[in-house]
Amino acid sequence: MERGLIHIYCGDGKGKTTAAIGLAVRAAGRGKKVLISRFLKTEDSGEVAVLRSIPGITVLPCERTFGFLFRMSPEEKREAAEYFQGQFARTAAMAPEYDLVIFDEIMASVNGGVVSQESVLDFLDGKPESLEVVLTGRDPSEAIQERADYISQIQAVRHPYEQGIGAREGIEY
């Protein structure tokens with residue numbers, strides 16, 4: 001049995017989710033079972049439908065939207081935390097059935113207080129030996145980084161947003 005490693009795709013640049021999706025496609029192309037769990041993102045993203053059509057890839061949707069964490073009232077944040085902590089628990093429970101699990105935007109979920117860091121650390125410390133795990137998002141904590149085998153920092157050098165160009169369908173979402 002091959003040892004599964006832990007990957008972090010982080011930084012302020014575009015491409016963290018894109019890199020994780022590329023790895024999912026590569027793994028599925030080799031017959032591996034992939035689970036992608038989406039946090040803080042709506043289903044209105046171009047990759048979702050095509051990922052669901054690829055044999056071997058399961059996408060757990062983010063079925064509820066709460067808006068931006070920084071704009072939430074305390075009550076909305078409590079609701080979001082209940083939902084996303086449940087999403088994390090469902091993903092963790094399903095993980096042993098897969099070869100690769102991707103927690104997309106889990107760092108923002110932890111940093112925003114809607115998924116507990118303790119639950120993420122417990123999962124990483126107790127994951128099945130052969131399970132490959134990918135965590136995406138900005139600003140991973142030192143504790144999460146300590147558990148990683150790969151850390152890929154995606155740095156923004158230039159971004160169209162600086163020129164007033166908003167997110168474009170099929171490119172950013």
Side-chain angles (χ1 to χ4, degrees), residues 4-72 76 79-112 114-115 119-120 123 127-128 130-138 140 150 152-154 156 159-161 163-173:
L5 303 179
I6 298 170
H7 308 237
I8 294 176
Y9 300 145
C10 60
D12 64 358
K14 176 192 176 328
K16 297 175 288 292
T17 296
T18 305
I21 297 308
L23 183 59
V25 170
R26 177 177 286 161
R30 294 296 186 179
K32 296 189 181 295
K33 287 182 63 182
V34 179
L35 177 62
I36 301 170
S37 188
R38 297 167 47 86
F39 294 82
L40 304 176
K41 291 184 171 179
T42 66
E43 293 301 287
D44 183 29
S45 195
E47 70 272 12
V48 176
V50 82
L51 285 170
R52 287 194 172 114
S53 73
I54 299 172
I57 295 181
T58 301
V59 180
L60 290 180
C62 180
E63 294 174 332
R64 293 194 55 200
T65 59
F66 297 91
F68 292 108
L69 291 172
F70 66 89
R71 291 186 182 156
M72 288 182 195
E76 290 169 326
E79 278 184 51
E82 185 177 308
Y83 176 81
F84 289 117
Q85 193 62 47
Q87 173 87 348
F88 184 85
R90 281 188 300 281
T91 306
M94 293 172 69
E97 301 170 32
Y98 291 85
D99 301 302
L100 169 64
V101 175
I102 297 170
F103 293 93
D104 190 28
E105 285 299 346
I106 194 66
M107 303 311 178
S109 300
V110 169
N111 295 336
V114 295
V115 173
S119 62
V120 174
F123 173 79
K127 75 173 188 63
S130 63
L131 182 65
E132 202 84 8
V133 176
V134 175
L135 310 164
T136 74
R138 294 178 180 214
Y150 297 88
S152 296
Q153 180 83 14
I154 299 175
H159 195 286
Y161 183 79
Q163 301 168 34
I165 299 171
R168 298 168 301 141
E169 187 175 347
I171 303 299
E172 280 84 22
Y173 69 96

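Quick caveat: nothing in here was measured; it's all calculated off a predicted structure.
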With rounding to the nearest 0.5 Å, note down the distance linking [atom1] in [X] to [atom2] in [Y].
X	Y	atom1	atom2	result
Thr136	His7	OG1	NE2	13.0 Å
Ile6	Leu135	CD1	CG	7.0 Å
Ile165	Ile171	CD1	CD1	12.0 Å

Inset, instruction - Provide the full list of salt bridge (Lys or Arg N to Asp or Glu O under 4.0 Å) pairs with a residue in residues 101-110, sequence neighbours left out, each pair given once. - result: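 For residues 101-110: Lys41-Asp104.
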Inset, instruction - Any salt bridge (Lys or Arg N to Asp or Glu O under 4.0 Å) involving residues 4-20? Give me the pairs, sequence neighbours left out, ordered by first then second residue. - result: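 Sorted result for residues 4-20: empty, none.
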Legend entry - Heavy-atom pair with the smallest gap, counting every atom of Cys62 and Phe84: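 That would be SG-CE2, 3.6 Å.
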Legend entry - Exercise: identify the closest heavy-atom pair between Pro55 and Ala28: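 Here Pro55 and Ala28 meet closest at O-CB, 3.9 Å.
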Legend entry - Those residues that, when tested against Gln153, pass side chain to side chain donor-acceptor pair (under 3.5 Å) (two or more places apart):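 If we apply the side chain to side chain donor-acceptor pair (under 3.5 Å) test to Gln153, skipping adjacent residues, there are no hits.
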Legend entry - side chain to side chain donor-acceptor pair (under 3.5 Å) against Arg26, all qualifying residues, sequence neighbours excluded: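 Expected list: none.
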Inset, instruction - Tell me, please, which residues at least two apart from Phe39 pass ring pair (Phe, Tyr, Trp, His ring centres under 6.0 Å). - result: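 Ring pair (Phe, Tyr, Trp, His ring centres under 6.0 Å) check on Phe39 returns nothing, list empty.
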Inset, instruction - For Ser37 and Met94, run side-chain contact (heavy atoms from CB on, under 4.5 Å): C-alpha distance rounded to whole Å, both residues' side-chain angles, the deciding distance at 0.1 Å, then the answer. - result: CA-CA 10 Å; Ser37 188; Met94 293 172 69; over 6 Å; no
For [X], all residues meeting salt bridge (charged side-chain N to carboxylate O under 4.0 Å, His left out), sequence neighbours excluded:
X	result
Glu132	none
Arg90	none
Glu172	Arg168

Legend entry - Sequence-distant partners of Gln85, side-chain contact (heavy atoms from CB on, under 4.5 Å), two or more places apart: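 Partners of Gln85 by the side-chain contact (heavy atoms from CB on, under 4.5 Å) criterion, ordered by chain and then number, come out as Phe88, Val115, Ser116, Ser119.
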Legend entry - Under the side-chain contact (heavy atoms from CB on, under 4.5 Å) test, residues paired with Arg52 that sit two or more places apart: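 For Arg52 the side-chain contact (heavy atoms from CB on, under 4.5 Å) partners, ignoring immediate neighbours, are Glu43, Val48, Val59, Pro61.
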Legend entry - Stepwise side-chain contact (heavy atoms from CB on, under 4.5 Å) test for Tyr9 and Leu23: CA-CA 11 Å; Tyr9 300 145; Leu23 183 59; 3.7 Å; yes
Legend entry - Backbone N/O of Glu63 and side chain of Tyr83: donor-acceptor pair under 3.5 Å: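 Yes.
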Atom pairs and distances, side-chain donor-acceptor, residues 95-102, under 3.5 Å, sequence neighbours left out:
{"from": "Tyr98", "atom 1": "OH", "to": "Thr58", "atom 2": "OG1", "distance (Å)": "3.1"}
{"from": "Asp99", "atom 1": "OD2", "to": "Lys33", "atom 2": "N", "distance (Å)": "2.7"}

